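Written out below as structure tokens is the structure these notes cover.
Computed from a predicted model, the values in this text were never measured in an experiment.
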Amino acid sequence: MKIPITINGKKYTIKSIDELTTKEFIELSNIEDINIVKYISWQADIKLEDAFFAVTSKSIEKTIGVIPDIKKLKRLELNYIDYSKTIETLGQRHQIEESNLSGYELLVFILAVSQTRSMNIDDVNKLRDDYLDKPFYEILPAGFFFFKILNNGSKYGRNFLKRTIRFLRTLLQKKEPELIN
């Protein structure tokens, strides 16, 4: 719901927090000590001093809403996110480590890596950009879901890594036994 406000005789419309895209939510999360005045200033793209004149009642605060804790949001079953596609290859993990992203941006990137299952970084970035335009309450909980799997390692992923390490050790023992001992 667009919220109409008037500041110094000029009309603005701002979004409630629930209407923010993922990109907007990431921008919002980077604002230090966010409060209602800073939110209005950011949404209306006006100076912070001017935004003080917009806050006249608690009804505006109530309409804007509160910033949710992403960890507590329930992930939604969406037709464009397949939760069975986990990050299990070394290539996928390498893409994530090399991204140099953090915070919510990392969650979106992890989600894109899991869904594309491609080593083509252009495909991953295209999907990531698509996700940035979707509502944050759909994307960030899904990204957090895949982050937890990546961080803890899925059963298949741990087994794959163990088998790979065991295979490399066996290979090295056969070729260069003195390197292993």
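Taking 4.5 Å as the limit, some side-chain heavy atom of Ile34 sits within range of a side-chain heavy atom of Ile67. At a threshold of 4.5 Å between non-hydrogen side-chain atoms, the residues Val113 and Leu150 do not count as touching. When side chains are defined from C-beta on, Leu48 counts as touching Val37, because their heavy atoms get closer than 4.5 Å.
The two residues Ala51 and Ile40 make their nearest non-hydrogen contact at CB-CG2, 4.2 Å. Residue Tyr83 comes nearest to Phe146 through the heavy atom pair CA-CZ, 3.7 Å, listed as atom of the first residue, atom of the second, then distance.
No more than 12 heavy-atom neighbours from other residues, nucleotides or ligands sit within 6.0 angstrom of CG on Asp45.
Residue pairs satisfying the side-chain hydrogen bond (donor to acceptor under 3.5 Å, both in side chains) criterion with at least one member in residues 111-127, sequence neighbours excluded, are listed as follows: Ser118-Asp123. The salt bridge (charged side-chain N to carboxylate O under 4.0 Å, His left out) contacts involving residues 21-35 comprise Lys15-Glu24, where partners must be two or more places apart or lie in separate chains.
Under the 4.5 Å side-chain heavy-atom criterion for Ile, Leu, Val, Met, Phe, Trp and Tyr, Ile121 and Met119 are members of distinct hydrophobic clusters.
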Determine, stepwise, if the pair Ile149 / Ile87 fulfils side-chain contact (heavy atoms from CB on, under 4.5 Å).
-> CA-CA 8 Å; Ile149 289 175; Ile87 296 167; over 6 Å; no
Given side-chain contact (heavy atoms from CB on, under 4.5 Å), test Ile17 with Val66 step by step and report yes or no.
-> CA-CA 7 Å; Ile17 290 175; Val66 295; 5.5 Å; no
Begin with the C-alpha distance, continue with both residues' side-chain angles, and end with the deciding distance and a verdict on side-chain contact (heavy atoms from CB on, under 4.5 Å) for Thr21 and Leu132.
-> CA-CA 7 Å; Thr21 65; Leu132 288 172; over 6 Å; no
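The CD atom of Glu49 lies 11.5 Å from the CG atom of Asn8; values are rounded to the nearest 0.5 Å. With values rounded to the nearest 0.5 angstrom, Tyr137 atom OH is found 9.0 Å from Glu19 atom CD. Asn35 contributes atom CG, which lies 9.0 Å from atom CD of Glu61 (distance to the nearest 0.5 angstrom). In this structure, the separation between CD1 on Ile31 and OH on Tyr39 is 9.0 Å, given to the nearest 0.5 Å. With rounding to the nearest 0.5 Å, the separation of OG1 in Thr22 from CD in Glu138 is 8.0 Å. Rounded to the nearest 0.5 Å, atoms CD1 (Ile26) and CG (Leu20) are 11.0 Å apart.
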Using residues 96-112 as the side-chain source, report each donor-acceptor pair under 3.5 Å to any protein atom, sequence neighbours left out, with the distance given to one decimal.
from: Ser99; atom 1: OG; to: Ile96; atom 2: O; distance (Å): 2.8
from: Ser99; atom 1: OG; to: Leu101; atom 2: N; distance (Å): 3.3

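In this structure a side-chain-to-backbone donor-acceptor pair under 3.5 Å is present from Ser41 to Ile46.
Below 30°, between 30° and 60°, or above 60°: for Phe136 and Phe25 the angle between ring planes is below 30°, a parallel geometry.
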